[in-house]
Amino acid sequence: MSHYHEKSLTELSRLLHAGDISSVELTDAYLSRIKQHDAVLNSFITVVGDQAMQQAAEADKVLRSGGAGPLTGVPIAHKDIFCTQGIKTSCGSKMLDSFISPYDATVVSRFKQTGAIVLGKTNMDEFAMGSSNETSYYGPVKNPWDIGTVPGGSSGGSAAAVAARLTPAATGTDTGGSIRQPAALCGITGLKPTYGLVSRYGMIAFASSLDQGGPMAQSAEDCALLLSTMAGFDEKDSTSIETSIPDYSIGLENPIEGLRIGLPKEYFDEGLDDNVRQVIQSALDRYRELGAELVDIALPNSGLSVPVYYVVAPAECSANLSRFDGVRYGYRCDEPRDLFDLYTRSRGEGFGAEVKRRIMVGTYALSAGYYDAYYLKAQQLRHLISDDFKRAFEQVDVIMGPASPEPAFKLGEKAEDPISMYLSDIYTIAVNLAGVPGMSVPVGFADNKPVGLQIIGNYFDESRLLNVAHKYQQSTDWHRQIPEDFN
Ligand code: GLN
């Protein structure tokens with residue numbers, strides 16, 4: 001049995017370039033692991049084995065001819081929110097269960113151009129709405145560290161697949177925490193970039209002013225490699241930002257002596273699990289040993305972030321999801337009586353309960369007479385939240401705290417209680433409202449379950465985030481741990 005799965009994406013890339021392994025061998029090894037383990041985890045919605053093997057054979061030719069890039073021949077997986085030409089793109093919903101995308105998302109085509117191999121599409125909460133992956137039409141994903149618990153969400157399939165080493169890396173999206181929270185709960189490294197850095201073209205829209213795609217992998221070093229491919233201006237996305245993209249792998253080794261780390265008191269409040277607090281504290285101690293300075297700060301409007309988000313995100317989703325009307329593509333009900341019946345039954349039957357809840361909340365918040373009271377107000381408060389970060393970054397270089405208030409919770413534990421589910425993102429949501437970048441890095445275990453340290457940076461400071469995470473990972477091995485049953 002090969003042990004490729006113990007290697008990181010960066011190491012695999014080196015082995016491929018050195019000719020020590022072929023992409024065909026590697027891809028085959030990962031496809032076998034998926035076959036062996038995914039019946040338990042349910043982390044993939046679609047696996048494209050034959051296509052992956054063909055791509056791998058092509059990649060091997062490129063590798064042998066010397067024209068390869070760092071990701072040529074490396075297998076990855078895409079969250080099923082990214083449109084993939086000729087491959088089912090379900091967004092975790094019955095609504096798109098039979099949808100084969102006619103085009104690739106920009107993120108997908110960028111990976112294609114570099115010669116990365118796509119193993120398949122990962123499971124997710126329906127339309128990325130959720131924190132536990134339990135709202136998926138395809139059933140819940142299990143956390144490989146304890147299959148009685150959730151992997152987090154909405155990018156739960158990507159996180160579980162990387163944690164169980166069924167793929168070296170995966171893409172994810174983060175609207176309110178959906179890269180960072182599942183990364184934390186599954187013990188992997190995930191990065192939500194600055195809003196506008198990664199193209200949203202072909203990434204099925206949930207809340208357009210918050211959605212952002214990013215990498216999920218074992219380490220910061222791996223994320224740097226992936227982000228260098230994902231990031232960049234795209235004329236097909238009007239919110240994409242024209243800025244020069246550095247090579248994120250350069251600068252990983254920069255010393256972090258004198259780094260000023262802000263600790264917001266709101267992120268260490270009584271809502272934080274005590275075991276998680278201790279693990280976060282020891283990670284912060286490690287940073288101090290590495291030469292960083294810890295500074296107490298305040299993000300006084302943090303308390304507003306969950307209520308503001310649950311007005312803004314549903315409002316935007318109610319507009320975005322109006323395109324699923326049973327007419328052009330997606331689910332259509334049987335034998336509609338008339339147009340109205342077609343709309344209402346197609347949507348009624350095609351969407352799950354959480355999606356419907358959000359559409360109703362959003363439609364209400366946007367309706368005449370309520371718009372000023374809810375949506376406008378929420379947008380005003382959003383400015384206050386952004387200003388908190390602006391002020392903080394005048395004082396410190398990065399902000400740290402927990403990514404999630406608790407480790408992985410039991411399947412079903414919060415499924416019937418939307419408010420307690422919404423609170424899973426209490427430490428991540430403000431980052432999306434402000435548009436700044438944030439990461440989660442594995443820093444230990446509480447109750448035998450992984451804990452993620454959140455690192456938040458100023459706009460476009462991804463290089464620094466990756467550097468700060470990498471220095472920690474060089475001196476620890478939490479990111480190298482593999483759940484026992486998947487080793
Ligand atoms: N858990 C949050 C929600 O349910 C965030 C989801 C996300 O980031 N896509 O909306």
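All values below were derived from every heavy atom in this structure, side-chain atoms included, with hydrogens, water molecules and symmetry-related copies excluded. Whatever order the structure lists ligands and atoms in, that order sets their numbers, starting from 1.
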Start with the C-alpha gap between Asp417 and Lys414, add the side-chain angles, then the distance that decides, and say whether salt bridge (Lys or Arg N to Asp or Glu O under 4.0 Å) holds. CA-CA 5 Å; Asp417 182 356; Lys414 298 179 199 272; over 6 Å; no
Can you tell which of Met421, Met124, Glu354 makes a side-chain contact (heavy atoms from CB on, under 4.5 Å) with Thr135? Glu354
Can you check whether Gly153 has an N/O within less than 3.5 Å of an N/O in ligand 1? no
Considering both backbone and side-chain atoms of Gly176, is one of its nitrogen or oxygen atoms within less than 3.5 Å of a nitrogen or oxygen in ligand 1? yes
Main chain of Val436, side chain of Lys192: is a donor-acceptor contact present, judged purely on distance under 3.5 Å? yes
With nothing but distance in play, are any N or O atoms of Gly177 less than 3.5 Å from an N or O of ligand 1? yes
From the list Thr239, Thr106, Thr173, Asp211, side chain to side chain donor-acceptor pair (under 3.5 Å) partner of Arg200 resolves to Thr239
For Phe324 together with Phe127, are the ring centres under 6.0 Å from each other? yes
For ligand 1, indicate whether the residue Ser178 contacts it via side chain, backbone, both or neither (heavy-atom separation under 4.0 Å). both
Ligand 1 contacted by Tyr422 (non-hydrogen, < 4.0 Å): no
Min N/O separation Asp425 to ligand 1 under 3.5 Å: yes
Separation between CZ (Arg277) and OH (Tyr267), nearest 0.5 Å, reads 15.0 Å
I want to know if ligand 1 touches Asp174 in the polar sense, i.e. an N/O pair below 3.5 angstrom. no
Are any of the heavy atoms in Ala313 under 4.0 Å away from ligand 1? no
Strictly under 4.0 Å, does any heavy atom of Arg358 approach an atom of ligand 1? yes
Mind checking whether Gln212 contacts ligand 1 via backbone (N, CA, C, O), side chain (CB onward), both or neither, at a 4.0 Å heavy-atom cut-off? neither
Roughly how far apart are Thr189 OG1 and Leu466 CG, rounded to 0.5 Å? 9.5 Å
Going by the order shown, which atoms of ligand 1 are within less than 4.0 Å of some heavy atom of Tyr309? 2 (C), 3 (C), 5 (C), 6 (C), 10 (O)
Would you call the rings of Tyr472 and Tyr287 parallel, tilted or perpendicular if under 30° counts as parallel and over 60° as perpendicular? parallel
Using the rule side chain to side chain donor-acceptor pair (under 3.5 Å), only one of Asp80, Asn133, Asp97 pairs with Tyr138; which is it? Asp97
Here the gap from Ser101 atom OG to Lys121 atom NZ, rounded to the nearest 0.5 Å, amounts to 7.5 Å
Have a look at ligand 1 and work out which part of Tyr310, if any, has a heavy atom under 4.0 Å from it: side chain, backbone, both or neither. side chain
For ligand 1, which atoms, with element, lie under 4.0 Å from some heavy atom of Phe206? 9 (N), 10 (O)
For ligand 1, which atoms sit closer than 4.0 Å to a heavy atom of Ala128? 6 (C), 7 (C), 9 (N)
Relative to the heavy atoms of Ser154, which atoms of ligand 1 are at a distance of less than 4.0 Å? 9 (N)
